Protein chains: 2
Amino acid sequence: MDTEIGLFTARKQEILDAAKKLYSRKGYAASSMRDLAKSLGIKPASLYSHYQSKEEMLWEIAIRCTKEFHGYILPMVQEDRPVIDRLDRMLRGHLRMVIKNQDASAIFFHEWQHLEEPRRSAFAKQREIYEQAFIDVLNEGKQKGVFRDVHIRFSMFTLLSAINWVYRWYKPDGKMSIEEIEEEFSKLLIRGLKV
Amino acid sequence: MDTEIGLFTARKQEILDAAKKLYSRKGYAASSMRDLAKSLGIKPASLYSHYQSKEEMLWEIAIRCTKEFHGYILPMVQEDRPVIDRLDRMLRGHLRMVIKNQDASAIFFHEWQHLEEPRRSAFAKQREIYEQAFIDVLNEGKQKGVFRDVHIRFSMFTLLSAINWVYRWYKPDGKMSIEEIEEEFSKLLIRGLKV
DNA sequence: GTCTATACTTTGATAGAC
DNA sequence: GTCTATCAAAGTATAGAC
């Protein structure tokens with residue numbers, strides 16, 4: 001019997017992890033099935049016993065990453081806390097997700113654009129749901145007078161993109177710990193919203 | 001005689017503009033010389049009368065973009081103004097460059113990674129010079145007590161990346177004017193640095 | 001689950017005529 | 001400066017043996 005992780009066999013997961021790393025480092029379009037097979041020590045044809053196509057792997061990576069981000073962040077919108085604390089927690093959460101899924105983040109932010117329809121649109125839809133969560137909290141804060149009269153959509157993009165770039169420069173052995181990065185983001189980004 | 005623009009003939013420039021647009025929309029790796037030729041209404045082989053290779057075009061786009069960003073921003077570091085105003089002007093300038101070179105920005109921020117050595121390193125070097133300008137001003141502000149005790153390198157990345165994302169969502173006919181975007185960035189990002 | 005062998009497509013690039 | 005014709009390499013994917 002297969003050793004399952006979620007709906008996947010362990011082998012499928014190994015392959016997906018290798019693909020994640022490769023797509024993240026070289027970009028999806030520049031990554032070949034030959035490259036991927038080589039990194040796993042198998043022949044290209046063997047990959048097709050696990051996935052039907054190159055794009056299916058991209059899709060699996062993207063959609064799994066989406067589920068992880070959503071599962072962690074979306075419930076925070078309705079927590080019983082002051083709106084400013086909720087936004088703070090959501091931004092810290094987003095940062096944690098980016099760092100935890102550093103390779104997948106490149107796919108989550110960029111490479112998903114190489115998906116073909118209808119998957120591309122399906123992903124875009126999920127992405128909007130995620131962004132909407134931040135928009136909702138920003139709107140609430142604005143209406144309650146906690147935040148100044150900011151452009152909501154603009155602020156959402158700015159806050160998230162400041163954090164998104166972390167996947168490009170974060171190194172686990174770098175000078176800043178995750179806690180320090182969180183704290184700095186919180187100070188740097190939340191302050192600019194306050195009345 | 002050739003109609004020159006800088007060191008380029010007009011035709012070379014036309015081709016480069018088309019490449020810029022294509023690489024920006026589809027990504028460099030996913031863009032073929034056939035695609036490019038088609039968008040110009042010529043045959044693929046004709047491109048090689050103007051450029052030696054696909055990578056040479058990527059290089060030209062990247063390095064021209066670098067020159068434009070540098071020429072606009074670097075002199076601001078030493079202007080005779082309070083340090084906070086200089087940073088503010090540099091961030092606004094960076095924003096203007098991103099919007100003015102929206103297609104090239106995708107290459108400036110991402111696609112340059114597809115350059116091969118030694119061009120890749122040469123570009124990376126220029127990029128560091130650009131980042132250093134912001135680091136210098138942040139350091140000065142910190143030493144003068146205008147900015148709080150921020151992590152310099154972290155702040156530089158955060159400020160620039162918040163703005164960099166603009167190339168992904170900015171539309172000339174969108175809801176916010178460039179002036180409004182500038183103003184919002186200034187409020188949102190500079191406030192978080194102050195003591 | 002991986003292999004060999006291979007089909008078919010697309011790619012970057014060159015040679016040489018006009 | 002653009003064309004036709006063409007090449008070698010690399011791409012995704014399939015069939016079928018083990």
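Given the structure is predicted, the values throughout are model-derived calculations rather than measurements. The figures here come from the full heavy-atom set of this structure, side chains too, leaving out hydrogens, waters and symmetry mates. Sequence lines set the chain letters: A, B, ... in the order given, protein chains first and strands last, and positions in each chain run from 1.
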Item to complete: Any chance you could list the contact pattern along nucleotides 5-18 of chain C? Use B for base contacts, S for sugar-phosphate-only contacts and - for none, protein heavy atoms under 4.0 Å, 5' to 3'.
Response: B-----BBBBB---
Item to complete: Please state whether the rings of A/H94 and A/F109 are parallel, tilted or perpendicular, taking 30° and 60° as the class boundaries.
Response: tilted
Worksheet entry | Row check, B/F147 ring normal vs B/K194 NZ/CZ: under 6.0 Å, within 45° | no
Worksheet entry | Spacing of A/L47 atom CG relative to C/dG1 atom P, expressed in whole Å | 13 Å
Worksheet item: Is the centre of the A/F154 ring less than 6.0 Å from the centre of the B/F185 ring?
Response: yes
Item to complete: Verify whether one side chain among A/Q113 and B/R25 offers a donor that lies under 3.5 Å from an acceptor in the other.
Response: no
Worksheet item: Hey, can you pull the residues of residues 116-123 of chain B with a non-hydrogen atom under 4.0 angstrom from DNA chain D?
Response: none
Fill in: Donor-acceptor under 3.5 Å (A/R120 side chain, A/L115 main chain)
no
Item to complete: In whole angstrom, give the distance that lies between atom CD of B/E14 and atom P of D/dT2.
Response: 9 Å
Worksheet item: Aromatic rings A/Y130 and A/F69: how do their planes relate, parallel, tilted or perpendicular, breaks at 30° and 60°?
Response: perpendicular
Worksheet item: Taking CD from B/Q13 and C1' from D/dG1, how many angstroms apart are they, rounded to a whole number?
Response: 17 Å
Worksheet entry | Spacing of B/I42 atom CD1 relative to D/dC3 atom C1', expressed in whole Å | 11 Å
Worksheet entry | Aromatic ring proximity, centroids under 6.0 angstrom, A/W165 and A/H110 | no
Item to complete: Nearest whole angstrom, please: distance from the P of D/dT12 to the NE2 of A/H114.
Response: 13 Å
Fill in: Under-4.0 Å side-chain N/O to phosphate OP1/OP2 contact, A/S46 with C/dC3
yes
Worksheet item: For the pair made of CG in A/L36 and P in D/dA10, what is the distance, rounded to whole Å?
Response: 18 Å
Fill in: Atom-to-atom span, NZ of B/K43 to P of D/dA5 - whole angstrom
11 Å
Item to complete: Tell me yes or no: between the side chains of A/Q143 and A/N139, is some donor less than 3.5 Å from an acceptor?
Response: no
Worksheet, complete the sentence: Sequence neighbours excluded, the answer for side chain to side chain donor-acceptor pair (under 3.5 Å) partners of A/K26 is A/D35
